[in-house]
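Data block below; observations after.
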Amino acid sequence: MKGAKKIWALVFVLTLALVLGACGSSGGNSSNSKVLTVWAMGDEAKQLPDLVKDFEKESGIKVKIQAIPWSNAHDKLLTAVASKSGPDVVQMGATWMPEFVKAGALMDITKETEKKAALNEDKFYPASIKTVKYDDKMYGVPWYADTRVLYYRTDLLKKVGYDKAPATWEELHDAGKKLADRGKDMYGFSLDGKEQTIGFMYGKQNGSPLLKDGKPVFNQKPFVDAVKYMDSFFKDGISPKEDLGLDISQSFGGDGVVPMFVSGPWMVKTIQETVPDVKGKWATSVLPKGKNNNSPFGGANLSVFNYSKNKTNAVKFLEYMSKPDVQLKWMKMTTSLPTGQKAWEDKSLKENQFYKTFGEQIKHAEPSLQVPQYEELAQSFLKNFEQIYRGGANVQKQMDKYNQEATSILKK
């Protein structure tokens, strides 16, 4: 994401363009409208109409869903802020929340969450509440959760002496090395150098606060040692430096070119549907532990656009979407994890050998960095980390450089 100053610079420019009505009129422009406009991102928008049919029947409110690709959703939201004309309800990426709260784009729904049981913060996982609560005010409700677990081939791990998943950093590296030693073009663990949560995740697992008193500490020992640990997977040939160009059936199936990797809940269904030859030969596990096994908490939230004139009905929609049975239905439609704690009591989650791992991991999940400059900080880290694992740069010197960049970014 851009820093706060960049937001307002872009907002000024976009305001001129929006005189022509780039965002158009929405259902949110009528104070008593029975049409509710919802902006939904990515594939969710395709399936959301089926989910909201019961809401439409119960409430008499028509839900008009506008699909917006994730690739241009951020700028689309900025244009809406600039014109003060947009949706009634907007799907927000969890890492985007600080930026748009600061920009005044999202309605403070604190009073509504206190009055309506389904919206009360104690109904959700604490980590999910951290993504919608700022300065003790609620600016949305958690919709679905996303965190990461370890996927692994049980049969191949057993051959190298592991009857269960690696439980620690040391075991992950050891198992990965033994698997990589199987032969040419074989690896043990996929560490994605382009995944923007990866560095912050390992930093937190090694006890780094990432920021201390608002200032970055990426060049201090906990974070530097975490980066050294990450780099060791590339140095020791455990993780491929380049994209192998293989789909999941080729990398995880068959001989298991890459038999361990970290990913989200969507991968369960993908493996089940596209890698049939590993049935009964794979499992999920909570992340191996450094000083802890913290995982990034992401996903999406639902917020009321601050300039909507249909706020009462918008809050009703948020209330409906927060019900445990609705969250469970959404999970079955999309594999997106519920954010409500009650939903996790359902046996479809508790008794599923794959999903119950996510239920355990989510207890140890936290948002990576709750700052408006998150995206810029993440991308800067990836560029610096690439200099290390590809270019052989000294870890401490590169993290000194990154910490200086992060300091400048946070001042924007």
Side-chain angles (χ1 to χ4, degrees), residues 127 145-182 186-192 195 197-198 200-207 226 229-230 232-234 236-240 246 248-272 274-298 335 337 344 349-366:
D146 175 25
T147 194
R148 301 290 186 267
V149 299
L150 181 71
Y151 287 76
Y152 67 103
R153 284 279 298 271
T154 54
D155 57 336
L156 299 180
L157 265 291
K158 192 168 185 177
K159 288 182 179 180
V160 296
Y162 283 82
D163 291 328
K164 57 183 180 180
T168 65
W169 274 18
E170 292 76 14
E171 288 185 357
L172 179 63
H173 188 279
D174 177 68
K177 186 68 171 70
K178 289 174 179 175
L179 288 163
D181 287 343
R182 289 174 294 162
M186 288 292 183
Y187 300 92
F189 175 64
S190 175
L191 197 156
D192 188 353
E195 166 56 59
T197 64
I198 198 75
F200 301 148
M201 181 185 86
Y202 281 113
K204 282 193 169 187
Q205 286 184 6
N206 204 39
Y229 174 72
M230 293 166 59
S232 71
F233 285 92
F234 297 106
D236 297 338
I238 298 169
S239 300
L246 305 176
I248 190 65
S249 66
Q250 296 168 312
S251 62
F252 195 62
D255 293 333
V257 176
V258 186
M260 293 192 294
F261 63 93
V262 171
S263 190
W266 62 86
M267 192 55 71
V268 171
K269 187 176 181 180
T270 299
I271 293 174
Q272 289 174 331
T274 64
V275 199
D277 65 308
V278 299
K279 185 177 181 180
K281 300 176 182 177
W282 68 283
T284 56
S285 170
V286 295
L287 296 178
K289 186 177 180 180
K291 288 184 170 62
N292 61 67
N293 73 330
N294 178 276
S295 62
F297 187 96
T335 71
L337 302 176
W344 280 93
L349 284 169
K350 286 181 70 175
E351 298 177 6
N352 183 292
Q353 62 175 315
F354 302 113
Y355 286 115
K356 68 181 181 181
T357 303
F358 285 93
E360 287 299 313
Q361 185 64 64
I362 208 169
K363 297 173 185 176
H364 306 281
E366 290 183 355

Query - Residue pair I198, L191: steps toward the side-chain contact (heavy atoms from CB on, under 4.5 Å) verdict - result: CA-CA 8 Å; I198 198 75; L191 197 156; 4.1 Å; yes
Requested in this report: Check ring-ring contact (aromatic ring centres under 6.0 Å, His included) between F233 and all other residues, then give those that pass, not counting sequence neighbours.
Outcome: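 F233 satisfies ring-ring contact (aromatic ring centres under 6.0 Å, His included) with H173, F189, Y229 once adjacent residues are dropped.
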Query raised in the report: With sequence neighbours left out, what residues match H364 under ring-ring contact (aromatic ring centres under 6.0 Å, His included)?
Result: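 For H364, no residue satisfies ring-ring contact (aromatic ring centres under 6.0 Å, His included) once neighbours in sequence are set aside.
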Donor-acceptor check, side chain of [X] to backbone of [Y], threshold 3.5 angstrom: yes or no?
| X | Y | value |
| --- | --- | --- |
| T154 | K281 | yes |
| E171 | A167 | yes |
| T147 | P296 | yes |
| S285 | L150 | no |

Name each donor-acceptor pair under 3.5 Å that joins a side chain in residues 249-266 to protein atoms two or more places apart or in another chain, with its distance.
from: S249; atom 1: OG; to: D247; atom 2: OD1; distance (Å): 2.5
from: Q250; atom 1: OE1; to: D247; atom 2: N; distance (Å): 2.9
from: S251; atom 1: OG; to: D247; atom 2: O; distance (Å): 3.3

Query raised in the report: Do F354 and Y151 pass the side-chain contact (heavy atoms from CB on, under 4.5 Å) test, and can you show the C-alpha distance, the side-chain angles, and the key distance before you say yes or no?
Result: CA-CA 9 Å; F354 302 113; Y151 287 76; over 6 Å; no
Spacing of [atom1] belonging to [X] relative to [atom2] belonging to [Y], to within rounding of 0.5 Å:
| X | Y | atom1 | atom2 | result |
| --- | --- | --- | --- | --- |
| L349 | Y355 | CG | OH | 8.5 Å |
| K289 | N294 | NZ | CG | 12.0 Å |
| D146 | I362 | CG | CD1 | 9.0 Å |
| L179 | Y152 | CG | OH | 12.5 Å |
| R148 | F297 | CZ | CZ | 11.5 Å |

**Report entry** From CA spacing to verdict: side-chain contact (heavy atoms from CB on, under 4.5 Å), N206, W169
**Finding:** CA-CA 10 Å; N206 204 39; W169 274 18; 3.6 Å; yes
Query - Pairwise side-chain hydrogen bond (donor to acceptor under 3.5 Å, both in side chains) hits with a residue in residues 156-167, at least two apart - result: Y162-D174
Report summary line: Closest heavy-atom pair, A127 versus A365, reported as atoms and distance to 0.1 Å, is CB-O, 3.2 Å
Query raised in the report: Is there a side-chain contact between T335 and V268, using heavy atoms and a 4.5 Å cut-off?
Result: no
Query raised in the report: With a 4.5 Å limit on heavy-atom distance, are the side chains of W282 and V275 in contact?
Result: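 The answer is no, as the side chains (C-beta and beyond) never meet within the 4.5 Å cut-off.
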Requested in this report: Please list, chain by chain and in numerical order, all residues satisfying side chain to side chain contact (heavy atoms under 4.5 Å, CB included) with K177, sequence neighbours excluded.
Outcome: D181, D236, I238
Query - Test item: side-chain donor near acceptor, Q361 and S295, under 3.5 Å - result: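 Present: a donor and an acceptor within the cut-off.
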Query raised in the report: For K363, what residues pass the salt bridge (charged side-chain N to carboxylate O under 4.0 Å, His left out) criterion, not counting sequence neighbours?
Result: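 For K363, the residues satisfying salt bridge (charged side-chain N to carboxylate O under 4.0 Å, His left out) (neighbours in sequence not counted) are E360.
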